[in-house]
Protein chains: 2
Amino acid sequence: MGFLARHRQIILYGLALAVIIFLVRWLEIRYILADDSVDIYIGVIALLFTGLGVWLAIKLRKPKVETVIVEKEILLTPPVVFVLNENEVKRLNLSRRELEVLHWMAAGLSNQEIADKLFVSLNTVKTHTAQLFEKMEVKRRTQAVDLGKKLGLIP
Amino acid sequence: MGFLARHRQIILYGLALAVIIFLVRWLEIRYILADDSVDIYIGVIALLFTGLGVWLAIKLRKPKVETVIVEKEILLTPPVVFVLNENEVKRLNLSRRELEVLHWMAAGLSNQEIADKLFVSLNTVKTHTAQLFEKMEVKRRTQAVDLGKKLGLIP
DNA sequence: TGCAAAATCACCCGAAAGTATGACCGCTGA
DNA sequence: TCAGCGGTCATACTTTCGGGTGATTTTGCA
């Protein structure tokens, strides 16, 4: 960008000033301003050039943008806190007991151990696992655990 | 905020205008300006008020606040990149085949399915799992998978 | 209050998983 | 060269898992 282009505003301003002075002189000669109207005359000039100044300022310092950068932290995988995916639980229609069984299953417990932990019989645990597998559409406990983790049913 | 406070700039501007006019009149009386110096006089006024205009514009114009929300994603456990915990593999003295079996085990495959996938017999897979369980000091495949995940042996 | 869902338990049976043991082969490092 | 290890496979056996079916009790909700 050349000097002319870069300072176009200022050059225009200077030209405007010259034109205004010329006009004023011309008006002065034409109508022979009365002494009393000098302050009105000054006022008009002042207003005019104030407007010019404002225009200049706005034009010249164009991008007065205060950019406020707000960093929004998005945690993709919570570190310790595990949040149960309620939607999946509802979608699969899993009962509380079934989810509990799945949890201990994922921890590596056998059906008998889960039965002992939940104070129920082995048969009951078997019923729960069977229902769980049917609802999750899997065949084995390892598949259930794998899918359960992927769906956010277990940590 | 009251009217006065809100329009302080404009009121100041008005006052400045009045002061300038008063000064000019005073100077006029004092020194009796020559007709010839009228354009210089106008020039000075113009410059003064242009400056005032610029100052006004700068002061008045609120810096346009542009709020840019930068979403900063914080990955705690990278979902795609899995790095095998070599140290644990060495510590437990796990062979390549055993690790491979563990991997498919975690995916929910049965021993027969793993055998088919690795093009070996079911008995071979059983041998590998047995060795794996002994080295990992676990009793069941679900335990092996759980521990494997915790030790970073599998994704 | 009454009903559907959940939870509980039982029995049978076959499939899968896990245990124990032994054997063979190929590679590698002392 | 040969002992050791990893990988392979096999047989035999026990345990656990999972499917199928049926039944009773408890509970949450309309």
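Throughout, a chain's letter reflects where its sequence line sits, starting with A, and its residues are numbered from 1.
Put simply, CD on A:E113 is 18 Å from P on C:dA17, counting in whole angstrom units. The distance between atom CD of A:E134 and atom P of D:dT21, rounded to the nearest whole Å, is 11 Å. The CZ atom of B:F133 sits 11 Å away from the C1' atom of C:dT19 (whole-angstrom rounding). Taking atom NZ on A:K126 and atom P on C:dC12, their separation rounds to 12 Å, with Å as the unit. The distance from atom CD1 of A:I114 to atom P of D:dT16 is 13 Å, rounded to the nearest whole Å. Residue B:L132 contributes atom CG, which lies 11 Å from atom P of C:dT19 at whole-angstrom precision. Distance B:L109 CG to C:dA17 C1': 14 Å, rounded to the nearest Å.
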Within the sub-3.5 Å range, which N or O atoms of nucleotides 4-9 of chain C have a protein N or O partner, and how far apart are they?
| residue | atom | partner | partner atom | Å |
| --- | --- | --- | --- | --- |
| C:dA7 | OP1 | A:R97 | N | 3.3 |
| C:dA7 | OP2 | A:S95 | OG | 2.3 |
| C:dT8 | OP1 | A:R97 | NE | 3.2 |
| C:dT8 | OP1 | A:R97 | NH2 | 2.8 |
| C:dT8 | OP2 | A:R97 | NE | 2.8 |
| C:dT8 | OP2 | A:H128 | NE2 | 2.9 |
| C:dC9 | OP2 | A:S121 | N | 2.8 |
| C:dC9 | OP2 | A:T124 | OG1 | 2.9 |
| C:dC9 | O5' | A:T124 | OG1 | 3.4 |
| C:dC9 | N4 | A:T127 | OG1 | 3.0 |

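Residue A:R141 places at least one side-chain N or O closer than 4.0 Å to OP1 or OP2 of D:dG18. The phosphate of D:dT16 (OP1 or OP2) has no side-chain N or O of A:N111 nearer than 4.0 angstrom.
The residue among B:R140 and B:L122 whose nearest nucleotide of DNA chain D lies closer to the 5′ end is B:L122.
Residues A:L122 and A:V120 do not share a hydrophobic cluster, defined by chaining ILVMFWY side chains whose heavy atoms lie under 4.5 Å apart.
A:M105 and B:T142 make their closest contact through O-CB, 3.8 Å (heavy atoms, listed as atom of the first residue, atom of the second, distance). Across every non-hydrogen atom of B:P155 and B:K149, the tightest pair is O-NZ, 3.2 Å. Across all non-hydrogen atoms, the minimal contact from B:L94 to B:L153 is CD1-CD1, 3.9 Å.
A:K139 comes within 4.0 angstrom of the backbone, heavy atoms only, and of no base.
Taking 4.0 Å as the cut-off between side-chain N and carboxylate O, A:R140 and B:E113 count as a salt-bridged pair. Under a 4.0 Å N-O distance rule, the pair B:E86/B:R91 does not qualify as a salt bridge.
Using a 3.5 Å distance cut-off with no hydrogens or angles, the side chains of B:T124 and B:T127 do not pair a donor with an acceptor.
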